[in-house]
Enquirer: 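Before I ask anything, here is the structure I am working with.
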Amino acid sequence: MATIGIMDSGSGGLSVLKEIVRLLPADKFLYYSDNANCPYGEKSAEFIQKRCREIVSDFLAQGADAVVIACNTATAAAIAELRKEWPDVPFVGMEPAVKPAALGTKTGVIGVLATAGTLKASKYLDTRDHYAGDVKVVERVGRGFVELVESLQLGGHLAEATVRESLEPLLRAGADTIVLGCTHYPFLLPVLEKVAGPDVRFIDPAPAAARQLVRMLDSRGIAHSQPHDPALQDVTIKSSGQSETARRLLSLIW
């Protein structure tokens, strides 16, 4: 079976791990939370690249067959450099799901919630310009979202007030489809849906990333489990800071 390394600036990448385990239930997973440096959204590209190289090196030393950069900001800043440095390693990154949002909107307006680092990255801008030419795109930074998840405040008055501040401008602009451009944000989906109401659809890119990982493993001939195999949930968690948030979120997932 395959060994998969998954990294994020914090615990948000567990939303991606959840989808990967659905498709690869009996594989081995190494999860790294760089929560001592979380959030990445305001960090420099050079800093993020350095951290990603260090974490990937550790994954490979532990026998990882593939690496998932389960962070939109880190993907934008570092994945091209990682692929150059390790050309034989399959890397999967995150990309805001602008294309399905543009195809699915009825109002002609889509929203993108992401970190500042993602919204200014050329990878996101190229995707937006390529797929969203016929729709209006309204963008907002999910201010405080990452901090809510990292502090396990996934509901309640503070979470609702924080979500509302960033979400309401998208709703006022008429967005009926909103892309979650950070892997932390799906943990706030119940709050997002409560604030937005039933007529707004949110798109989580994690399932697409999980499918891409399987395609890359297959294309490289790397053996892996199948969805019908018994789930072993072999997950090792490491972090640069406290690991309690990741462990508690993991217990919520399963």
Side-chain angles (χ1 to χ4, degrees), residues 1-34 40 48 51-53 55-100 114 118 123-124 127 179-187 203-238 246 249-250 253-254:
M1 296 303 174
T3 298
I4 312 298
I6 302 169
M7 67 152 289
D8 181 35
S9 62
S11 302
L14 293 171
S15 66
V16 183
L17 172 63
K18 176 183 178 181
E19 298 300 328
I20 294 173
V21 170
R22 292 184 194 276
L23 302 182
L24 305 173
D27 287 85
K28 180 179 179 180
F29 301 97
L30 310 170
Y31 185 88
Y32 192 91
S33 165
D34 194 18
Y40 276 178
I48 295 170
R51 289 299 297 142
C52 287
R53 283 195 296 269
I55 295 165
V56 170
S57 293
D58 185 53
F59 283 156
L60 298 179
Q62 295 180 73
D65 298 295
V67 175
V68 179
I69 308 300
C71 171
N72 293 74
T73 303
T75 297
I79 200 166
E81 296 300 318
L82 297 173
R83 285 170 172 157
K84 289 179 185 177
E85 189 160 345
W86 290 286
D88 296 329
V89 176
F91 285 96
V92 175
M94 304 303 298
E95 185 172 299
V98 174
K99 181 180 179 180
T118 295
K123 183 177 180 65
Y124 164 71
T127 300
V179 176
L180 301 181
C182 173
T183 55
H184 281 80
Y185 296 0
F187 286 106
I203 300 181
D204 174 8
R211 293 191 296 270
Q212 176 64 6
L213 173 62
V214 173
R215 286 193 291 267
M216 293 191 76
L217 293 176
D218 287 339
S219 70
R220 303 290 183 103
I222 298 172
H224 59 79
S225 61
Q226 301 296 326
H228 61 268
D229 290 339
L232 299 180
Q233 297 172 5
D234 185 352
V235 181
T236 300
I237 293 178
K238 292 178 66 176
L249 283 174
L250 193 63
I253 289 173
W254 285 304

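Just so you know, residue 1 is the first one in the sequence shown, and it goes up from there.
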Enquirer: What heavy-atom pair brings Thr127 and Pro96 nearest, and what distance separates the two atoms?
Expert: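 Scanning both residues completely, I find the closest heavy atoms to be CG2-O, 4.2 Å.
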Enquirer: Nearest 0.5 angstrom please: Phe187 CZ to Leu180 CG, how far?
Expert: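 Phe187 CZ to Leu180 CG: 12.0 Å, rounded to 0.5 Å.
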Enquirer: Can you list, pair by pair, the side-chain donor-acceptor contacts under 3.5 Å of residues 3-10, counting residues two or more places apart and other chains?
Expert:
| from | atom 1 | to | atom 2 | distance (Å) |
| --- | --- | --- | --- | --- |
| Asp8 | OD2 | Gly10 | N | 3.4 |
| Asp8 | OD2 | Gly12 | N | 3.0 |
| Asp8 | OD2 | Gly13 | N | 3.0 |

Enquirer: State, to 0.1 Å, how close Asp27 and Ala223 come at their nearest heavy-atom pair, and which atoms those are.
Expert: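 Minimum heavy-atom separation between Asp27 and Ala223: OD2-O, 4.3 Å.
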Enquirer: Specify the closest pair of heavy atoms between Leu249 and Ser11, including all atoms of both residues, with the distance to one decimal.
Expert: CD1-CB, 3.4 Å
Enquirer: Taking side chain as C-beta onward, heavy atoms only, is Val67 less than 4.5 Å from Val92?
Expert: no
Enquirer: Got Leu24 and Leu217 here, is their nearest side-chain heavy-atom distance under 4.5 Å?
Expert: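 Counting from C-beta outward, Leu24 and Leu217 do come under 4.5 Å.
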Enquirer: Do you know which two heavy atoms are closest between Ala209 and Met94, and how far apart they sit?
Expert: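 Shortest heavy-atom separation between Ala209 and Met94 comes out as CB-SD, 3.7 Å.
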Enquirer: Give a yes or no on whether a salt bridge exists between Lys28 and Asp234, defined as a side-chain N under 4.0 angstrom from a carboxylate O.
Expert: no
Enquirer: Between CH2 of Trp86 and CZ of Phe59, what distance do you get to the nearest 0.5 Å?
Expert: 11.0 Å
Enquirer: Main chain of Gln226, side chain of Asp229: is a donor-acceptor contact present, judged purely on distance under 3.5 Å?
Expert: yes
Enquirer: List the steps and the verdict of side chain to side chain contact (heavy atoms under 4.5 Å, CB included) for Arg51 and Tyr32.
Expert: CA-CA 11 Å; Arg51 289 299 297 142; Tyr32 192 91; 3.4 Å; yes
Enquirer: Please report the C-alpha distance between His224 and Val214 in whole Å, then the side-chain angles of each, then the deciding distance to 0.1 Å, and finally whether the side chain to side chain contact (heavy atoms under 4.5 Å, CB included) criterion is met.
Expert: CA-CA 8 Å; His224 59 79; Val214 173; 4.1 Å; yes
Enquirer: Do you know the tightest heavy-atom contact between Ala97 and Ile203?
Expert: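 Looking at all heavy atoms of both residues, the shortest contact is CB-CG2, 3.6 Å.
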Enquirer: With sequence neighbours excluded, give me every side-chain hydrogen bond (donor to acceptor under 3.5 Å, both in side chains) pair touching residues 60-80.
Expert: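 Those involving residues 60-80 are Asp58-Gln62, Thr73-Thr115, Thr73-Thr118.
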Enquirer: Are Thr183 and Leu14 close enough that some pair of their side-chain heavy atoms sits under 4.5 Å apart?
Expert: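 A side-chain contact is absent here, since even the closest heavy-atom pair is not under 4.5 Å.
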Enquirer: Mind checking the OG-CD1 spacing from Ser33 to Ile237? Nearest 0.5 Å is all I need.
Expert: 8.5 Å
Enquirer: Is the shortest heavy-atom distance from the side chain of Tyr185 to the side chain of Asp204 under 4.5 Å?
Expert: no
Enquirer: Enumerate the residue pairs fulfilling salt bridge (Lys or Arg N to Asp or Glu O under 4.0 Å) with a member in residues 69-94, sequence neighbours excluded, ordered by first and then second residue.
Expert: Glu81-Lys84
Enquirer: Would you say Arg211 and Leu23 make side-chain contact, with heavy atoms under 4.5 Å?
Expert: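 When only atoms from C-beta onward are counted, Leu23 and Arg211 do touch, with a gap below 4.5 Å.
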Enquirer: Side chain to side chain contact (heavy atoms under 4.5 Å, CB included) between Val21 and Phe29: does it pass, once the steps are laid out?
Expert: CA-CA 9 Å; Val21 170; Phe29 301 97; 3.8 Å; yes
Enquirer: I need the Arg22 CZ to Ile20 CD1 distance, nearest 0.5 Å.
Expert: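 Spacing of CZ (Arg22) from CD1 (Ile20) equals 12.0 Å.
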Enquirer: Does a donor on one side chain sit under 3.5 Å from an acceptor on the other, for Asp34 and Tyr40?
Expert: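 Yes.
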Enquirer: Looking at every non-hydrogen atom in both residues, tell me the closest pair between Tyr124 and Val98 and how far apart they are.
Expert: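 Nearest heavy atoms, Tyr124 then Val98: CE1-CG2, 3.9 Å.
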